[in-house]
Visitor: 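Below is one structure. I have some questions about it.
Order of the sequence lines fixes the chain letters, A, B, ..., with proteins taken first and strands second; residue numbering starts at 1 for each chain.
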Amino acid sequence: MNVTLHVWRQKQGAGKGRMVRYEARNVSEDMSFLEMLDVVNEELIEKGEEPIAFDHDCREGICGMCGFMINGVAHGPVPGTTVCELHMRHFKDGDDLYIEPWRARAFPVIKDLVVNRSAFDRIIAAGGYISVSTGSAPDGNAIPVPKEKAERAMDAAACIGCGACVAACPNAAAALFTGAKITHLAMLPQGAPERPQRALKMVLQMKEEMFGHCTNIGECEAVCPKQISIEVIARMNHDFIRASWSEREAPYRADQPAGEPSAGGCQ
Amino acid sequence: MELDAKIPSGPIEKRWERHRFNLKLVNPANKRKYNIIVVGSGLAGGSASATLAELGYNVHCFFFQDSPRRAHSIAAQGGINAAKNYQNDGDSIYRLFFDTVKGGDFRSRESNVYRLAEISLNIIDQCVAQGVPFAREYGGALANRSFGGAQVSRTFYARGQTGQQLLLGAYQALMRQVEAGKVKLYPRTEMLDLVVIDGRARGIVTRNLITGEIRSHVADAVVLGTGGYGNAYYLSTNAKGSNATAIWRAYKRGALFANPCFTQIHPTCIPVTGEYQSKLTLMSESLRNDGRIWVPLKKGDKRAANEIPHEERDYYLERRYPSFGNLVPRDVASRNAKAICDEGRGVGESGFGVYLDFADAIHRLGRHTIEERYGNLFDMYRSITGEDPYNTPMRIYPAIHYTMGGLWVDYNLMSTIPGLYVIGEANFSDHGANRLGASALMQGLADGYFVLPYTIGDYLAGTKLDKTGTDHPAFQEAEANVRCITDRLLKVNGTRTVDSFHRELGKLLWEYCGMSRTAEGLKYALGKIPELREQFWKDVKVLGGSKELNQSLEKAGRVADYFELGELICLDALTRNESCGGHFREEYQTADGEALRNDEDYSYAAAWQYQGEGVEPVLHKERLEFEYVHPSQRSYK
């Protein structure tokens, strides 16, 4: 099949980019979307044109490195799928495909389809963990965890941190991402001691990073390649509100962020 | 060079405990005066960074992805072994040790393997405490499954995403230390050289993948947790970015490279569909518990699977190995698949595939049970191939998956360069010639959480390091070397893309140093690779500049290293005149076509020392002693 690509090309450091048209010829339906781009890139290099930069790594839908918009939908038209696992058989001969990077104030474009998602790392650094140092753990079976709770924790923990939720959200909110980590740890007895502080710190960091506010639109859940349920946002709000009340004696204020904003970032 | 593995003496159960007592300690107040560089943020590098920081060291953690959470450990599906004996089925540390030594076909170091089995218990405890959502029984206890033909249930798992969950545990522990100011992260940064001063590892030179800045970093010790080198073969189950550059450049600075030809080929991957194929996807080994492997009896039978009647099918594993059947170890299953396809009986368009059929299991257990056991794997298969494995058999073919070889390390995980430590898949020590399923995660975390943090203290406490800075001539020389390679790659301006060269190299390695090897084939490859490398340096086309994000340039540097490494892999395979584990030399097999070891002459780890460009490296042998598990011929008949 043949498809026409319209790809966002943005030089590094440039404030603006533009859509550039490419023809992808003789595309096999067994190719993944990224393999189709590989072939386009090989042809570009042979012609002496710079290849399209895009992030990718494991190419089996688990590392969370890849992701861009295809015709306005994060990770493309197939639900529960990252672009690396999306295959060309889902497209038709003659299709026009518009490919753009994640767009959010918190995810600045680096080049072409590559964006900077280090804000996610800083949200985790603010409190997305259980404070247990190596060597201090009791026996694995010392604290029973009900199967049901473990399963729900796992549902939330399946998040791959790709950023599709932010890209799809009209507010560019990171609520699904943050809620998923809060829910994963809140479901487990091991996560209980720090549960209130965790919600406070992570939510405040999310705001610090200039993500928008969640208004329950649900686009995030619709595009999430791991189909994380929007319920995690309700859990996050619950924990945050509860903690804001119960932890009043030692309030966390936005002007005293939980950590240096740059703590999780680059050198 | 005399290789001293520093293996402690005494009964094997007491060695690690005694050794730990004998290790020197760094005073808690002094730890913050030390800077440690960790390259890699996977299970090994991530867990080491977090733990070293908890102890009080200043850690600098480098990785090429945008976040430490993306390291390729994340893709491990099946599980992690631990000798907890929670199932009361007779497991023990000794049994896990025994299975691992035997599974490695008697080419690993007993003391290291015993320590690994011992530490497996602590790993599970640690991960549970971190909030890793392992599978549970209804009563709330941890669930286990048996894996890879083990006779006990000792594998802990989190659905089909065990690697992901363990890595997120390590990542979260790491981010806690970032928040505490004890770890500094260097995302999208690639190590391109090791700096050795007065014979000790004192730092690295990196390239920032966004700005292109070449920079030196000074430290008191350097730790490499950079994973395996399976991508030398181009098509593998590794992530696209996984590469050998860090360990290769360390090799060129004097670290010995051990057993490079010990590569593991996983039998159940989705077959290649065309030239554009960029990587191979693994389907968990657990599928072989219920799937039956077969091919048509007749050559070139192009009928659809469902149209081939039972009596015209060859269930070749069940036929050849009646007692293990479809559950023979990875190397045996892989070799048989290749042999069948080479005969012309492979299935699928390319002819490089065999069927893995669930029809009988669905008939016997019902679709629901199969869905429960393998639902996510079936979905993944369907999304990649467009075929429904509930109705048509899966097609599978072996692929490069893991590399047992790596930089040589002693019992303390230190390489032959003092101050340079190597952990996880990047080192060579624990899996011998074949790794058992669910053992890679165990080793990565054992090294990072529980071994390195002790042993590195001994080095730091016992070594007087002179103050040095990035203005030292050794740093200047290494920076110049890195700039030289980068500039050279950009200047060639030939006609062929990096990938086209990489594909060609990969095909050579796969053909002549893949599942089965012959002296003749290896000699041919050893003649071809240098020719291809020469062409690469004359005709590769890398566009763009060095001062920006340039993915072709990144790839080109890695492929340049694969050419040299590929040669060493073949040389090692040619020198090892025996078959063992994943290394199968056709000249050395039993009458039934099984691997024939030669313990008298080859019971050693082959450690290669770099001698300069174009000069054959020197082989050093570390003799392996088997005091506890006595070598025997593996048989799965």
Visitor: Would you find a donor on one side and an acceptor on the other, under 3.5 Å apart, between the side chain of A:His184 and the backbone of B:Gly131?
Guide: yes
Visitor: So which heavy atom on B:Ser67 is nearest to which on A:Asp121, and how close?
Guide: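 Answer, listing the atom of B:Ser67 first, then A:Asp121: OG-OD1, 2.8 Å.
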Visitor: Between B:Gly274, B:Ser242, B:Ala141, which residue shows the highest count of heavy-atom pairs closer than 4.5 Å to chain A?
Guide: B:Ala141
Visitor: So which part of A:Leu86 gets closer than 4.5 Å to some heavy atom of chain B, the side chain, the backbone, both or neither?
Guide: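 When you check distances to chain B, no heavy atom of A:Leu86 falls under 4.5 Å.
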Visitor: Just verifying a value: how many Å separate A:Glu148 CD and B:Arg136 CZ, rounded to the nearest 0.5 Å?
Guide: 14.0 Å
Visitor: Closest heavy-atom contact between A:Val114 and B:Gln551?
Guide: CG2-NE2, 4.4 Å
Visitor: Is the number of heavy atoms from other residues, nucleotides or ligands under 6.0 Å of B:Glu349 CD greater than 12?
Guide: no
Visitor: What are the two closest non-hydrogen atoms of B:Arg176 and A:Ile130, and how far apart are they?
Guide: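 Heavy atoms only, the tightest pair is CD-O, 4.5 Å.
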Visitor: Under 4.5 Å heavy-atom distance to chain B, tell me which part of A:Ser136 shows up: side chain, backbone, both or neither.
Guide: backbone
Visitor: Can you tell which of A:Leu188, A:Ile45, A:Asp38 has the highest number of heavy-atom pairs within less than 4.5 Å of chain B?
Guide: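 Going by pairs under 4.5 Å, I would pick A:Ile45.
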Visitor: Considering only heavy atoms and a distance below 4.5 Å, find which of A:Ile160, A:Asp112, A:Leu44, A:Asn41 pairs most often with chain B.
Guide: A:Ile160
Visitor: Please report the closest heavy-atom contact between B:Leu549 and A:Lys111, naming both atoms and the distance.
Guide: O-NZ, 2.7 Å
Visitor: Distance from A:Met65 atom CE to B:Gln65 atom CD, nearest 0.5 Å?
Guide: 6.0 Å
Visitor: Taking salt bridge (charged side-chain N to carboxylate O under 4.0 Å, His left out) as the definition, give me every residue that meets it alongside B:Arg70, ordered by chain and number, with sequence neighbours left out.
Guide: B:Asp66
Visitor: For the backbone of A:Gly135 and the side chain of B:Gln126, can you confirm whether one donor and one acceptor N or O come within less than 3.5 Å of each other?
Guide: yes
Visitor: Do you know which of B:Ser383, B:Ala71, B:Ser552 has the most heavy-atom pairs with chain A at a distance under 4.5 angstrom?
Guide: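 Most heavy-atom pairs within the cutoff with chain A belong to B:Ser383.
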Visitor: If I compare all heavy atoms of B:Asp125 with all of A:Pro138, which pair ends up nearest, and what's the gap?
Guide: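 Looking at all heavy atoms of both residues, the shortest contact is CB-O, 3.3 Å.
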Visitor: Is there side-chain contact between A:Ile62 and B:Gln77, with at least one heavy-atom pair below 4.5 Å?
Guide: no
Visitor: Would you indicate whether the side-chain heavy atoms of A:Glu85 and B:Thr281 approach each other to under 4.5 Å?
Guide: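 No, every pair of side-chain atoms sits at 4.5 Å or beyond.
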Visitor: If we define contacts as heavy-atom pairs under 4.5 Å, which of B:Gln130, B:Gln161, B:His72, B:Arg69 has the most with chain A?
Guide: B:Arg69
Visitor: Can you tell which part of A:Ala142 gets under 4.5 Å to a heavy atom of chain B, answering side chain, backbone, both or neither?
Guide: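 No part of A:Ala142 comes within 4.5 Å of chain B.
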Visitor: Run the side chain to side chain contact (heavy atoms under 4.5 Å, CB included) test on A:Asp57 and B:Phe64 for me, step by step, so that the C-alpha distance in whole Å, both residues' side-chain angles and the decisive distance to 0.1 Å come before the verdict.
Guide: CA-CA 10 Å; A:Asp57 200 19; B:Phe64 69 81; 3.9 Å; yes
Visitor: Check whether any side-chain heavy atom of B:Lys279 sits under 4.5 Å from a side-chain heavy atom of A:His56, and report yes or no.
Guide: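 A side-chain contact under 4.5 Å is absent here.
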Visitor: Using heavy-atom distances under 4.5 Å, tell me whether A:Val27 contacts chain B through its side chain, its backbone, both, or neither.
Guide: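 When you check distances to chain B, no heavy atom of A:Val27 falls under 4.5 Å.
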Visitor: Counting heavy-atom pairs closer than 4.5 Å to chain A, which one of B:Arg159, B:Gln277, B:Lys541 comes out on top?
Guide: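 Among the listed options, the one with the most contacts to chain A is B:Arg159.
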Visitor: Kindly say whether B:Thr385 contributes a backbone atom to a donor-acceptor pair with the side chain of A:Arg89 at under 3.5 angstrom?
Guide: yes
Visitor: Take B:Tyr276 and A:Asp30 through the test side chain to side chain donor-acceptor pair (under 3.5 Å) and record every step on the way to the result.
Guide: CA-CA 10 Å; B:Tyr276 51 79; A:Asp30 288 325; 4.6 Å; no
Visitor: Using a cut-off of under 4.5 Å on heavy-atom pairs, state which of A:Met187, A:Glu49, A:Lys181 scores highest against chain B.
Guide: A:Lys181
Visitor: Looking only at heavy atoms, which two atoms of B:Gln172 and A:Ile124 are closest? And how far apart?
Guide: CG-CG2, 4.1 Å
Visitor: Could you check if a side-chain atom of B:Arg188 sits within less than 4.5 angstrom of a side-chain atom of A:Asp55, using non-hydrogen atoms only?
Guide: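 B:Arg188 vs A:Asp55: side chains touch.
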Visitor: Of all of B:Gln177, B:Glu137, B:Glu275, B:Met380, which one pairs up most often with chain A through heavy atoms under 4.5 Å apart?
Guide: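 The option with the most such pairs is B:Glu137.
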Visitor: Relative to chain B, which segment of A:Ser28 carries a heavy atom at a distance below 4.5 Å: side chain, backbone, both, or neither?
Guide: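 Side chain of A:Ser28 only, per the 4.5 Å heavy-atom cut-off to chain B.
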Visitor: Say whether, by atom type as modelled, one donor and one acceptor occur between the side chain of A:Glu50 and the main chain of B:Leu543 under 3.5 angstrom.
Guide: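 The answer is no, because no donor-acceptor pair under 3.5 Å joins these two groups.
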Visitor: If you tally heavy-atom pairs under 4.5 Å against chain A, which of B:Phe450, B:Tyr449, B:Tyr138 wins?
Guide: B:Tyr138
Visitor: By the definition salt bridge (Lys or Arg N to Asp or Glu O under 4.0 Å), identify the one residue from B:Arg496, B:Lys555, B:Arg503 that meets it with A:Glu42.
Guide: B:Arg503
Visitor: Would you say the side chain of A:Lys11 lies within less than 4.5 Å of the side chain of B:Glu548, judging by non-hydrogen atoms?
Guide: no
Visitor: Quick one: what part of B:Thr273 sits under 4.5 Å from any heavy atom of chain A, side chain, backbone, both or neither?
Guide: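 Only the side chain of B:Thr273 comes within 4.5 Å of chain A.
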Visitor: Looking at side-chain heavy atoms only, is the closest gap between A:Glu60 and B:Ile384 below 4.5 Å?
Guide: no
Visitor: Examine whether an atom of A:Lys149 lies under 4.5 Å from a heavy atom of chain B, and if so say whether it belongs to the side chain, the backbone or both; otherwise answer neither.
Guide: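 Neither; nothing under 4.5 Å.
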Visitor: Could you check which of A:Ser32, A:Cys58, A:Gly80 has the highest count of heavy-atom pairs closer than 4.5 Å to chain B?
Guide: A:Cys58
